[in-house]
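Treat the numbers as computed from the prediction; the structure is a model and nothing was measured. Every heavy atom of this structure was used, including side-chain atoms; hydrogens, water molecules and symmetry mates were not.
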Protein chains: 2
Amino acid sequence: MLSRHVRYFLAVAENGGFTRAALALHVSQPALSQQIKQLEESLGAQLFDRSGRVTRLTDAGETYATYARKALRDLEEGKRAIHDVTDLSRGSLRIGLTPTFTSYFAGPLVESFHKRYPNVSLSLREMPQDRMEALLAVDVLDVGIAFDDVRSAEVETVALMIESLALVVGRRHPLAKRRRVGAQDIAGESLILLTEEFATRELIDRYCRENHIQPTVAIEANSISAVVESVRRTTLSTLLPAGIASGSRDLFAIALEPQTLQRTAALLWRKAAYRSAAAQAFTVLALDLSSQFQAGGSHPLSD
Amino acid sequence: MLSRHVRYFLAVAENGGFTRAALALHVSQPALSQQIKQLEESLGAQLFDRSGRVTRLTDAGETYATYARKALRDLEEGKRAIHDVTDLSRGSLRIGLTPTFTSYFAGPLVESFHKRYPNVSLSLREMPQDRMEALLAVDVLDVGIAFDDVRSAEVETVALMIESLALVVGRRHPLAKRRRVGAQDIAGESLILLTEEFATRELIDRYCRENHIQPTVAIEANSISAVVESVRRTTLSTLLPAGIASGSRDLFAIALEPQTLQRTAALLWRKAAYRSAAAQAFTVLALDLSSQFQAGGSHPLSD
DNA sequence: ATGATCCATAAGAAAAACCGATGGCCAGCA
DNA sequence: TGCTGGCCATCGGTTTTTCTTATGGATCAT
């Protein structure tokens, strides 16, 4: 990585002579003579004292050698640093999230990624899918977790799992013990729903139209946790990914029958973009985790 | 002195593209493609993301670039170290200056340096301290004259003198004959001050807050000479290093009592950097001159 | 002196780097 | 959607750099 001139110079300095250095470098001795001569000319100073029996550095040579060695060390360090980056002992990853994923999928994913690669710094930003796609396209995000019906042609996807919405209720809700419900059950519900800026809400509205039902929307909120906490404390219900209820004792996710209220969760990134080692590792982990969600019976809606 | 591979790599990184870099280097674009490809192979990592419209560094590339630049600086420093002749019959010195020093301290210093070493070429650049520290760190400047509270960890300092701000007024100003003034005198003044981009202004603002005074700021200017000329021609006053007034008949520097408005001027250079003979001679001269300022009664605020 | 070592120089051979031509790939635009 | 311009990769053939071998001059110990 250093020019021949400098490498040869250091070799001669270290070996205390042209002949020995030539031997060590597996080149002929005249090759060294020439290179060093050129270096001396370009630096405008004599680097070696060849007058005596042994070749030694001049003052100028001694001075230059310290800097040359430093430069060499820098380059070798750079080489090591690269491998550190690719083996994920550092680096960074900017992740975009659709709000509904933040709680139940992104949580475990980020946790396991951070556990495995603690030195990769993560940036998590929750945002609507439209915005996410735009930010991916201009390379402000590395990867997104959202749904597979992307609008932007610059974004490509890999499906993670099918996410089904369930009726989520609190322990005091009349339907709390039911295993499954149908559209007609929903029709009589008083719901608390996300506002229309969420893709989830659009999906629900379409579902209601298609099934010709008009459940009461008792409360609207623009935050998942507000919805969840309200459901927990009232006899209102909501429609959310079933995963959100898992892990919470007093929340029950009741499957919809038939399961028409579903969409495909996906990993998003810019088409043909360079994918950093961190991004690739994240992808692997995400696919892994999602297959657990799918296969393992733990996912309430996978059956 | 760096191998072609690395030099080309840096050029592509800096120019943001192969084509532009090729132009800058006066080689063909394929030559760059080949060299970079070889470098990437030898490092076992992709250095550039060529997928999009613009070519940009990958994480690995970014990492390597910092080390490569460091190596380059080392070699250039080595070159200068060689050329640096101890008798100062040639050489060069790149000096950074905080604006307030330009007039009264740097002037005499540069004058005496140039008188003593006429063959050393000088480069004087006025700039804010932050910028100065950055340029010192990347070896674009040899030495800086600023204040001793540096932010960068890569810069070290040697104190020159304590610089006290004084109330500077013109001959027609009511306080022109006073020997000293207090904070309460300042409170009633109409001032013309430097803008907030100057460290001096920050210092003054803090002083006012601490003394609970709010003098009128009649004029703001971002140039020392503008301030000085205005003070000379009006009955407005300003707060500036007392030294600025010395040597000018119709400017009067009135000491503040107590002297709380002061800071330590210092010489700055990059930590552990090679210091050329010129830089060392400059340091000696600067310390010498500053002790004259301090000791000799000529400095209006030294008593 | 003499032989052993060491480095410099010269000239041709080998290797590396380079150039121009060409083609593919995006991205912006009609 | 197809066109176009900008950008990079690849491919032969050429130029430049670097290397090798052969040789000669200098130094130093014997």
Under 3.5 Å, which protein N or O atoms sit close to an N or O of nucleotides 12-18 of chain D? Give each pair with its distance.
| residue | atom | partner | partner atom | Å |
| --- | --- | --- | --- | --- |
| dT18(D) | O3' | R4(A) | NE | 3.0 |

Distances for protein N/O vs nucleotides 22-24 of chain D N/O pairs under 3.5 angstrom?
none

Between the protein and nucleotides 26-30 of chain D, which nitrogen or oxygen pairs come in under 3.5 angstrom?
| residue | atom | partner | partner atom | Å |
| --- | --- | --- | --- | --- |
| dT27(D) | O2 | R53(A) | NH1 | 3.4 |

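With sequence neighbours excluded, no residue forms a side chain to side chain donor-acceptor pair (under 3.5 Å) with T260(A). Applying the side chain to side chain donor-acceptor pair (under 3.5 Å) test to R4(B) and every residue at least two apart in sequence or in another chain returns nothing. Residues passing the side chain to side chain donor-acceptor pair (under 3.5 Å) test with Q35(A) are H5(A), sequence neighbours excluded. Under the rule for a salt bridge (Lys or Arg N to Asp or Glu O under 4.0 Å), the partners of D142(B) that lie at least two apart in sequence or sit in another chain are R80(B), R94(B). With sequence neighbours excluded, no residue forms a side chain to side chain donor-acceptor pair (under 3.5 Å) with D288(A). For Y64(A), the ring-ring contact (aromatic ring centres under 6.0 Å, His included) partners two or more places apart in sequence, or in a different chain, are F9(A).
A heavy-atom distance below 4.0 Å to DNA chain D is reached by these residues of residues 10-23 of chain B, ordered by number: G17(B), F18(B), T19(B), R20(B).
More than 12 heavy atoms of other residues, nucleotides or ligands lie within 6.0 Å of NE2 in H83(A), so this atom counts as buried by the packing criterion.
Counting only residues at least two apart or in different chains, salt bridge (charged side-chain N to carboxylate O under 4.0 Å, His left out) contacts with residues 113-137 of chain A comprise D130(A)-R151(A). The salt bridge (charged side-chain N to carboxylate O under 4.0 Å, His left out) pairs that include a residue from residues 36-51 of chain A are E40(A)-R50(A), where partners are two or more places apart or lie in different chains.
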